[in-house]
2 protein chains.
Amino acid sequence: MVNWEKAGRPARAARAALSYDAIATAGIEVADGQGFDAVTMRKVADHLGAGAMSLYRYVDSRDDLLDLMADRVSAEAIAPPRTGDWRADLTGAAHILRDVTLRHPWLTRHAITAGGFGPNTVTMTESTLTLLDGYGLDIDEMLDVWRTLVAFVQGYASAEAQRLEAHRRRAEQPAADGDETGPSYLDTVAASGRYPLASRALLGPKRPVDPQQTFDRRLGYLLDGLAHTFFAGPR
Amino acid sequence: MVNWEKAGRPARAARAALSYDAIATAGIEVADGQGFDAVTMRKVADHLGAGAMSLYRYVDSRDDLLDLMADRVSAEAIAPPRTGDWRADLTGAAHILRDVTLRHPWLTRHAITAGGFGPNTVTMTESTLTLLDGYGLDIDEMLDVWRTLVAFVQGYASAEAQRLEAHRRRAEQPAADGDETGPSYLDTVAASGRYPLASRALLGPKRPVDPQQTFDRRLGYLLDGLAHTFFAGPR
DNA sequence: AACCCATGCGTACAACGTACGCAGCGCGTA
DNA sequence: TACGCGCTGCGTACGTTGTACGCATGGGTT
């Protein structure tokens, strides 16, 4: 477990070359640039011009490092102040959270909340809950809305990020010489006719669609439902 | 990438001791029993009484093994036939998917769809989409409903599974001799008063609540919203 | 000047993923 | 029957990983 109290204080010695912040940033840069599996103690330390074992003065284990990275990234998901339009505010918060997940696809492998709540995660939570303040909801109702919204957004963005990652991996496959790529497995499944509904889901849309628009539309269904119980009906 | 065509056919030689099915099952048993990090080639092979390298006759890499496991587990999430009550049917499918995720918490670390769609994942998809057939929705609308629902359920269940895992890890910590556990970090954050809303979210409910009931209530909000657009209004 | 201790890191080891190549068995063909 | 071919299983080996241990260093305190 990360010691968040210690992580918040500045370094004890003046000649400290490393810091929690620098380590978290380095880890995030490695993960964004070279993929989640490249986040090794040695590579992150190299990125900082330090020795691998130096990181252990700040972090108990590799898992702790990942927790540190996740908390730091959640600072990017802090929602702006409320405007009084709950629907617009929640939509904005959802966009920000989705964008963070797509910008850091490795969150699919180590979620923001995997290591408990760090300081930035707390701030992010508070900022989002604040958007729900002032509509006569009690705290339990606000939590209902918040947990429902976050579950949808994280689930949705994780699936999107995974599809993008899979696509990227397939693209960087060098397409070996004389590959004779027959019909893909999913093509043959679709052609079998035994999965009339699923085929359409697996093969993707006929015409390209705007992922952001699709997200907004589906988010809208959820907000409609929340409106029905907690606000004055949909739209 | 897993070769699903090959994985579907029975073994070529009669004297084959291993099989795709046995390997996937062994991997799942190791993951369920000893945690996701214990899923190593050697441990899974040991579980089968086989040598580590034997697995590579069936699987290209450890990642392939995980894909195999994920597809096999998705067979547990196949929805029952439709009854004509869309809301009850979708609720049932959501329960099943949530249960699978809670039963195999490692899905949080390697999602069902991480390795593309295998045969069981296709069947599961078809079974869920079938629940939406017969209400006058076209395929794109059915996909809207399905993707929205799955995003919520997987996001929600993943968060639940992660909280349970974290709790379990903390419980098996031996509570070292003379531990002097002062107030936890979250306690001090809550006591600071600077996060009035988030504190309540982080410390958990005052009285114990039934997680299943809470899930149903929040799922209900989403279904209300879907009803508003695709069916004849909420409830 | 003397000491202390937080910091950085070199070394070492067990465990990991996996490339390579060989052993052995059963089937098809002669 | 005899033979050989191909599929299956796996022993060995190597590079990489996480991390325990202990030492060197040098600014701050006394």
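Heavy-atom basis, side chains included; hydrogens, waters and symmetry copies ignored. The sequence lines fix the lettering, A, B, ..., with proteins before strands; numbering per chain opens at 1.
In this structure a side-chain-to-backbone donor-acceptor pair under 3.5 Å is missing from A/Ser54 to A/Ala50. Formation of a donor-acceptor pair under 3.5 Å by the B/Asp67 side chain with backbone atoms of B/Val2 is not found in this model. Under a 3.5 Å cut-off, the side chain of B/Thr113 and the backbone N or O of B/Gly116 do not form any donor-acceptor pair. At least one donor-acceptor pair closer than 3.5 Å links the side chain of A/Thr108 to the backbone N or O of A/Pro105.
Salt bridge status for B/Glu160 with B/Arg163: absent, with no side-chain N to carboxylate O gap under 4.0 Å.
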Protein-nucleotides 23-25 of chain C N/O pairs under 3.5 Å:
from	atom 1	to	atom 2	distance (Å)
C/dG24	N2	B/Arg15	NH2	2.3

Provide a list of protein-nucleic acid N or O atom pairs under 3.5 angstrom, restricted to nucleotides 12-16 of chain D.
none

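The interatomic distance linking A/Leu55 (CG) with C/dC9 (P) rounds to 9 Å, in whole Å. Atom CG of B/Leu18 is separated from atom P of D/dC7 by 17 Å (rounded to the nearest Å). For the pair A/Tyr56 OH and D/dC23 C1', the interatomic distance rounds to 19 Å; values are reported in whole Å. Across the protein-nucleic acid pair, B/Lys6 atom NZ and D/dT8 atom C1' stand 11 Å apart, rounded to whole Å.
In this structure, A/His95 and A/Phe215 have tilted ring planes: the angle between them lies in the 30° to 60° band.
Using a 4.0 Å heavy-atom criterion, one finds that A/Ala45 contacts no nucleic acid atom at all.
Scanning both residues, A/Ala93 and A/Leu131, for their nearest heavy atoms gives CB-CD1, 3.8 Å. Summarising the geometry of B/Val30 relative to B/Ala38, their closest heavy-atom pair is CG1-O, 3.4 Å, with the distance given to 0.1 Å. When all heavy atoms of A/Ala16 and A/Tyr58 are compared, the pair lying nearest together is CB-OH, 4.1 Å. Nearest heavy atom pair, residue B/Ala31 against residue B/Met69, reads CB-CE, 3.9 Å.
DNA chain C lies under 4.0 Å from no heavy atom of any residue of residues 21-36 of chain B. For the segment residues 58-68 of chain B, residues with any heavy atom less than 4.0 angstrom from an atom of DNA chain D are, sorted by number, B/Tyr58.
Cation-pi contact between B/Arg147 and A/Phe152: absent, since separation from the ring centre below 6.0 Å together with deviation from the ring axis within 45° is not met.
Applying the salt bridge (charged side-chain N to carboxylate O under 4.0 Å, His left out) criterion to A/Asp37, with sequence neighbours excluded, gives A/Arg109. Evaluation of the side chain to side chain donor-acceptor pair (under 3.5 Å) rule for A/Trp4 yields no partner, not counting sequence neighbours.
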